[in-house]
Amino acid sequence: MKSVKLKFAGSVIALGLFLQPTVSWSSRAYNQVVTGTVTASPSSGTIEVDHHTYQVTPNSAAAKAMVSIYVGETVDMVMDGPPNGTSEVISIMQHPGS
C-alpha cells in the first residue's frame, strides 16, 4: 500500500513539473512586426512601406526577398530590435493575393 502511494505521489509531482510553463516564457523578447503596403520600389538596403522608410539588414532573408517585392503589395516585415529603436528589417513576407 505504501509503494502505491509513493508511485502516485511521484507521478503527481512529475506531471506537475511537466505541465508548468518554463520561466523563460515570461522573459521572451518578441520582435516587432510591421504590416503595410509597399509605397516605393525597394532599393539597395531600404524599403518604403506606408510612406515610412526602413533599413534592411544586409545578407538577410529580407534582402533576398526584396527582389520579388513590387509597389502596391501588402507585406509583413519582422524587425530585429525594439519598436522605438533603430531596428532593421530581417524578414519580409508577402500576403497571398496582394
Side-chain angles (χ1 to χ4, degrees):
M1 186 72 174
K2 191 173 186 177
S3 66
V4 172
K5 288 182 181 180
L6 269 167
K7 286 181 183 180
F8 180 72
S11 299
V12 169
I13 290 171
L15 184 64
L17 290 174
F18 285 119
L19 291 180
Q20 75 179 17
T22 61
V23 176
S24 64
W25 287 1
S26 62
S27 62
R28 185 178 298 168
Y30 292 99
N31 292 338
Q32 175 188 10
V33 176
V34 176
T35 300
T37 304
V38 178
T39 53
S41 292
S43 62
S44 62
T46 61
I47 185 169
E48 185 176 312
V49 175
D50 290 336
H51 303 289
H52 294 285
T53 303
Y54 298 95
Q55 294 293 333
V56 177
T57 303
N59 300 322
S60 65
K64 294 173 185 162
M66 281 180 34
V67 297
S68 62
I69 294 176
Y70 303 100
V71 175
E73 291 184 326
T74 304
V75 295
D76 289 329
M77 300 186 308
V78 178
M79 312 302 274
D80 69 348
N84 296 331
T86 57
S87 56
E88 294 182 332
V89 180
I90 56 173
S91 176
I92 302 173
M93 296 158 286
Q94 296 172 332
H95 283 265
S98 66

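Atoms considered below: every heavy atom in the structure, side chains included; atoms not considered: hydrogens, waters and symmetry mates.
Counting all heavy atoms, side chain and backbone alike, P42 lies closest to M66 at CB-CE, 3.7 Å. Residues V71 and A40 approach most closely at CG2-C, 3.6 Å, considering heavy atoms. Taking both residues in full, the closest heavy atoms of A62 and S91 are given as CB-N, 3.6 Å, listed atom of the first, atom of the second, then distance.
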message: Applying side chain to side chain contact (heavy atoms under 4.5 Å, CB included) to D76 and H95, what does each step give before you reach the verdict?
response: CA-CA 7 Å; D76 289 329; H95 283 265; 3.0 Å; yes
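Around the CG atom of N59, the shell of radius 6.0 Å holds no more than 12 heavy atoms that belong to other residues, nucleotides or ligands.
Using a 4.5 Å heavy-atom cutoff, the side chains of T37 and E73 are not in contact. By the 4.5 Å heavy-atom criterion applied to side chains, V38 and E48 are not counted as neighbours. Between Y54 and V34 the shortest side-chain heavy-atom distance falls below 4.5 Å. Annotation: side chain of Q94 is in contact with side chain of I69 (closest heavy-atom distance under 4.5 Å). With a 4.5 Å cut-off on side-chain heavy atoms, V75 and V49 count as touching.
Distance check: I90 CD1 to Q32 CD gives 11.0 Å after rounding to the nearest 0.5 Å. The OG atom of S60 sits 7.5 Å away from atom CD1 of I92, with the distance rounded to the nearest 0.5 Å. Between the OG1 atom in T57 and the CD atom in E88 there is a gap of 4.0 Å [rounded to 0.5 Å].
When each of T35, V56, I47, V33 is checked for a side chain to side chain contact (heavy atoms under 4.5 Å, CB included) with M77, only I47 meets the rule.
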